[in-house]
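Structure, as structure tokens:
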2 protein chains.
Amino acid sequence: MATIKDVAEKAGVTVTTVSRVLNNRGYISEETREKVYRVMREMQYQPNEIARSLSRKKTMILGMIIPTIAHPFFAELTNYIEKHASKLGYKILLCNSRMDQGKEKEYIDMLTSNRVDGMFMSSHTLEVDEYKKLKQPIITFDRRIADIPYVSSENEQGGIYAAELLLKKGCRRIAHITGNLGLDLLSNQRTNGFVKSLRGRGVEPIVFELGPDVFDSEGYERVITELLEQYPDIDGIFASGDILAMNVIKVCMSKGIDIPGRIKLIGYDDIEMASLVSPALTTIRQPLEEIAKRAVQLLDGLIRGEEVQHDNVLPVTLVERSTT
Amino acid sequence: MATIKDVAEKAGVTVTTVSRVLNNRGYISEETREKVYRVMREMQYQPNEIARSLSRKKTMILGMIIPTIAHPFFAELTNYIEKHASKLGYKILLCNSRMDQGKEKEYIDMLTSNRVDGMFMSSHTLEVDEYKKLKQPIITFDRRIADIPYVSSENEQGGIYAAELLLKKGCRRIAHITGNLGLDLLSNQRTNGFVKSLRGRGVEPIVFELGPDVFDSEGYERVITELLEQYPDIDGIFASGDILAMNVIKVCMSKGIDIPGRIKLIGYDDIEMASLVSPALTTIRQPLEEIAKRAVQLLDGLIRGEEVQHDNVLPVTLVERSTT
């Protein structure tokens with residue numbers, strides 16, 4: 001196989017010049033660049049990427065720590081992250097952390113041992129101390145940890161939109177089902193905005209919190225069934241995620257409860273499936289692609305040693321469909 | 001930061017011994033191993049993973065080439081791949097290829113330049129020649145390329161199950177909507193099994209093939225609407241994927257066509273969402289976790305230089321829910 005020395009010789013340049021072309025570093029004339037690339041193609045030269053990362057101290061790999069890629073919200077977010085990261089030449093290493101806290105620690109070790117250039121963190125575990133210790137670039141989603149920059153959306157406003165719509169539609173016995181509020185996530189502000197807005201109109205909502213382990217349909221169904229049995233007069237539900245809301249539709253159908261006839265329902269996120277289910281789900285749309293794009297810009301900036309904006313909060317919108 | 005030399009000195013062993021412990025290579029007594037690990041912990045030694053991969057010629061990273069992680073089928077498959085690969089110490093590099101054929105080529109180059117130890121390939125592009133040239137380990141899904149080992153499920157049997165159920169339920173005007181049959185995928189056998197089985201019973205199905213670019217809900221809806229308008233007397237539909245089937249439900253609902261009253265519907269895959277939609281989808285279940293587990297075992301075997309089984313076809317099952 002051709003080496004960098006062979007390429008340099010055939011192109012009539014120094015090894016340093018070929019290296020500069022490969023690493024896009026230093027001044028190289030367009031003519032030289034083209035010649036080097038042509039020779040590399042002719043000789044079918046394949047740079048050894050690992051050796052290159054060792055010398056550049058860059059792997060061009062970014063870690064994406066999420067609870068599980070099987071959840072459509074994280075699948076769609078990761079899809080956009082990969083789309084925008086790849087435009088800058090980065091690859092994405094998938095880190096599903098949820099089932100195993102030890103795995104998250106392992107991913108952080110990987111960051112420390114320089115296998116990735118930076119990380120996106122959207123994990124739901126409580127172990128934030130490990131992140132504070134790191135000097136390497138991290139961007140979090142919906143989470144404020146020390147001085148790590150984060151990307152989020154207007155969670156409180158999302159909660160307010162949901163409250164206002166349910167009230168406008170005449171709901172008075174209103175429930176809110178949310179993930180575990182014990183985790184220090186910015187998404188908890190959805191609940192704050194929702195509850196505050198209802199109270200301001202004299203309505204006290206029933207808040208149902210999922211346990212920290214409830215993250216699958218079976219768990220969701222159990223909680224929803226319990227809620228509907230305990231409060232049979234509920235006429236409006238705000239679920240803190242679309243998948244959760246879809247489970248509400250499923251449980252209501254099985255109990256013969258008409259949506260939106262007897263219960264109005266609002267989800268959160270606007271994943272692709274939200275418009276596909278029947279009835280199509282009214283939801284609060286997070287601008288997923290914009291969130292991903294911003295996160296990639298921020299992480300790339302940190303990797304390049306730039307100062308970046310610490311708080312990045314993007315707008316949400318109300319999407320009315322058939323469940324309200 | 002502590003170096004490997006510092007660790008060796010403090011543990012009273014040679015650098016070679018520390019390196020052997022790290023790489024799990026050569027004979028090391030349990031006592032020595034424990035001592036080295038203890039000193040590494042005490043000194044907070046972090047091995048430089050890139051330097052290690054250079055010396056081991058292994059990165060412990062596997063590429064996963066799929067059309068898009070935003071599609072629930074690939075998200076769930078990737079989730080299981082990651083789960084089983086991580087048990088063997090591998091990380092997964094996510095390669096979304098669909099929107100860009102150049103990207104797939106880039107991923108293959110990455111394999112050639114030794115950044116990943118092996119690859120799983122579940123892409124839908126036609127460029128198979130690039131794969132044939134490679135000497136590095138690859139496992140494909142639902143695709144037979146030269147002597148590359150593949151994992152698949154009983155696609156033909158899945159088609160037969162669907163045909164038999166629709167006939168049993170009294171359907172006589174039957175349609176089949178499938179992905180592009182021009183791609184040389186083993187999943188095309190679903191269509192073969194379905195069509196052959198119906199013809200054997202004197203029923204000629206209407207086969208509707210999606211264009212190679214139709215991979216989103218908008219495209220699906222257009223094709224389904226066209227089918228229903230062209231053949232208003234259809235009483236049974238077999239869709240070659242669950243997401244496609246969910247789009248059939250959506251279009252039928254919007255047209256006031258009752259499922260299963262007027263049209264019986266069967267999907268394929270049994271993604272998690274299949275049991276969540278209303279009406280819950282009857283489908284052909286692919287054993288996703290088993291497929292992923294087998295693929296990981298095969299790729300790990302190839303990386304270790306073992307001979308592995310070329311054809312790996314796992315059983316499918318019929319899951320009857322509310323659409324038939």
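First the proteins, then the strands, lettered A, B, ... as listed; each starts at 1. Here the structure is a predicted model, which means the values were calculated and not measured.
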Chain B contact via Met273(A) - which portion, at a heavy-atom distance below 4.5 Å: side chain

Side chain to side chain contact (heavy atoms under 4.5 Å, CB included) between Val39(A) and Val18(A), worked out: CA-CA 10 Å; Val39(A) 171; Val18(A) 178; over 6 Å; no

Residues from residues 250-259 of chain A approaching chain B under 4.5 Å (heavy atoms): Lys250(A), Met253(A)

Side-chain touch Phe74(A)/Asn96(A), heavy atoms, less than 4.5 angstrom: no

Segment of Ile61(B) engaging chain A (4.5 angstrom heavy-atom cut-off): side chain

Validation row: Ile66(B), Leu94(B) side chains within 4.5 angstrom (heavy atoms): yes

Student check: side-chain heavy atoms of Ile271(A) and Met246(A) closer than 4.5 Å: yes

Heavy-atom side-chain proximity of Phe120(B) to Leu299(B) below 4.5 angstrom: yes

Residue pair Asp269(B), Leu288(B): steps toward the side chain to side chain contact (heavy atoms under 4.5 Å, CB included) verdict: CA-CA 8 Å; Asp269(B) 294 334; Leu288(B) 264 186; over 6 Å; no

When Asn247(B), Ile249(B), Leu276(B) are compared by non-hydrogen pairs under 4.5 Å with chain A, the top option: Leu276(B)

Options Met64(B), Glu76(B), Lys91(B), ranked by heavy-atom pairs under 4.5 Å with chain A, top entry: Lys91(B)

Side-chain donor or acceptor of Asp117(B) paired with backbone N/O of Met60(B) under 3.5 Å: yes

Rounded distance [0.5 Å steps], CZ in Arg321(A) versus CG in Leu265(A): 12.0 Å

